Trainee: 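Pasting a structure below so you can have a look.
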Amino acid sequence: VTLRSSLRPGDVGRLISLHGWIYDKECGYDHTFEGYVCKTFYDFLESYSPQKDKVWFLEDGGQMVGAIAIVEHTAEKAQLRWFILHPDYRGLGLGSRLMEKAMAHCREKGYRSVFLLTTKDQQTAIRMYEKAGFQKVSEQDEDMWGKHLTELIYEWHPDETHERR
């Protein structure tokens, strides 16, 4: 398994496909979720700048098996996005490796806050977010992606002390 952080043609399409497949299989999200992911990537690519945005890709034999990104909103605020890992590669420490890379980048860039959006049904990811120091700041029930979900917003502030759980 190799890790790289350069964005190449085809990467986004492969990540959209991975998101669609995993979230259908594991969560029962419908086609509108894949449309949502497409839109988020479209918006990202419209303003992508390697000086302010960073994406890490995990590959095995040329296959995309995981990713994480930090998208800058302002010089002080960024968003963690598209954290995903193929089920066959879970439990090997690869998700933690991706999270560590992303959070080290946030510290290097000097962000005062980083936020992420997730849903309550993503308990494994939530445990990783909380271990990294993210704290839930809001939740709201929504009908989306063919389901009734609770959307959560988490934030991380590097100047606050966080205990590892």
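As the structure is a prediction and not an experimental result, all values here were calculated from the model.
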Trainee: Quiz question: by atom type and distance under 3.5 Å, do the side chains of Y129 and Q135 form a donor-acceptor pair?
Mentor: no
Trainee: Counting C-beta onward and ignoring hydrogens, is there a side-chain heavy-atom pair between F83 and M128 closer than 4.5 Å?
Mentor: yes
Trainee: Just checking, any donor-acceptor pair under 3.5 angstrom between side chains of H19 and E34?
Mentor: no
Trainee: I'd like to check D53 versus I70 (side-chain heavy atoms, cut-off strictly below 4.5 Å). Are they in contact?
Mentor: no
Trainee: Determine whether I68 and L58 make a side-chain contact, defined as any pair of heavy atoms from C-beta on separated by less than 4.5 Å.
Mentor: no
Trainee: Looking at V65 and D60, what are the two nearest heavy atoms and their distance?
Mentor: CG1-CB, 4.2 Å
Trainee: Stepwise, does the side chain to side chain contact (heavy atoms under 4.5 Å, CB included) test hold for T119 with W145?
Mentor: CA-CA 11 Å; T119 54; W145 312 321; 4.0 Å; yes
Trainee: Between the side chains of Q51 and S49, does any donor sit under 3.5 Å from an acceptor?
Mentor: yes
Trainee: Looking only at heavy atoms, which two atoms of E72 and K52 are closest? And how far apart?
Mentor: CB-O, 3.3 Å
Trainee: Taking all heavy atoms of I22 and all of P87, pick out the closest pair and write down the distance.
Mentor: CD1-CD, 3.9 Å
Trainee: Between R4 and D11, is a salt bridge (charged side-chain N to carboxylate O under 4.0 Å, His left out) present by the stated rule, with each step listed?
Mentor: CA-CA 11 Å; R4 68 175 166 86; D11 286 341; 2.6 Å; yes
Trainee: Could you verify whether a donor N or O on one side chain and an acceptor N or O on the other, from T124 and R127, lie under 3.5 Å apart?
Mentor: yes
Trainee: Atom CH2 in W156, atom OG in S113: separation rounded to 0.5 Å?
Mentor: 9.5 Å
Trainee: Under the salt bridge (charged side-chain N to carboxylate O under 4.0 Å, His left out) criterion, do R14 and E59 qualify, and how do the steps go?
Mentor: CA-CA 11 Å; R14 292 172 20 192; E59 295 177 312; 2.8 Å; yes
Trainee: Would you sort out whether L116 and F134 count as a side chain to side chain contact (heavy atoms under 4.5 Å, CB included), showing the intermediate values?
Mentor: CA-CA 9 Å; L116 64 87; F134 282 86; 3.6 Å; yes
Trainee: Evaluate the salt bridge (charged side-chain N to carboxylate O under 4.0 Å, His left out) criterion for residues E100 and K131: first the C-alpha distance (whole Å), next the side-chain angles of each, then the deciding distance (0.1 Å), finally the verdict.
Mentor: CA-CA 11 Å; E100 288 166 10; K131 185 178 178 182; over 6 Å; no
Trainee: With ring centroids as reference points, do H157 and Y111 lie under 6.0 angstrom apart?
Mentor: no
Trainee: So, do E151 and D141 sit near enough that their side-chain heavy atoms are less than 4.5 Å apart?
Mentor: no
Trainee: May I ask you to check whether Y29 and Y23 place their ring centers less than 6.0 Å from one another?
Mentor: yes
Trainee: Give the minimum heavy-atom separation between M103 and L80, together with the two atoms involved.
Mentor: SD-CD1, 4.3 Å
Trainee: What is the minimum heavy-atom distance between L15 and A67, and which atoms define it?
Mentor: CD2-CB, 3.5 Å
Trainee: Run the ring-centre check on W82 versus F44 and record whether the distance is less than 6.0 Å.
Mentor: yes
Trainee: Mind listing the closest non-hydrogen atom pair of A69 and V55 along with its distance?
Mentor: CB-CG2, 3.9 Å
Trainee: Does D30 offer a backbone N or O that forms a donor-acceptor pair with the side chain of K147 under 3.5 Å?
Mentor: no
Trainee: Could you tell me whether W21 and H86 have their ring centroids closer than 6.0 angstrom?
Mentor: yes
Trainee: Under 4.5 Å between any side-chain heavy atoms of L3 and K101, yes or no?
Mentor: yes
Trainee: Look up atom CD in Q140 and atom CD1 in I153, then write down how far apart they are to the nearest 0.5 Å.
Mentor: 8.0 Å
Trainee: So among R97, H105, M99, which one has a side chain to side chain contact (heavy atoms under 4.5 Å, CB included) with W56?
Mentor: H105
Trainee: Please determine whether side chain to side chain contact (heavy atoms under 4.5 Å, CB included) holds for the pair L7 and V12, giving the CA-CA distance in whole Å, both sets of side-chain angles, and the decisive distance to 0.1 Å.
Mentor: CA-CA 8 Å; L7 183 60; V12 168; 4.3 Å; yes
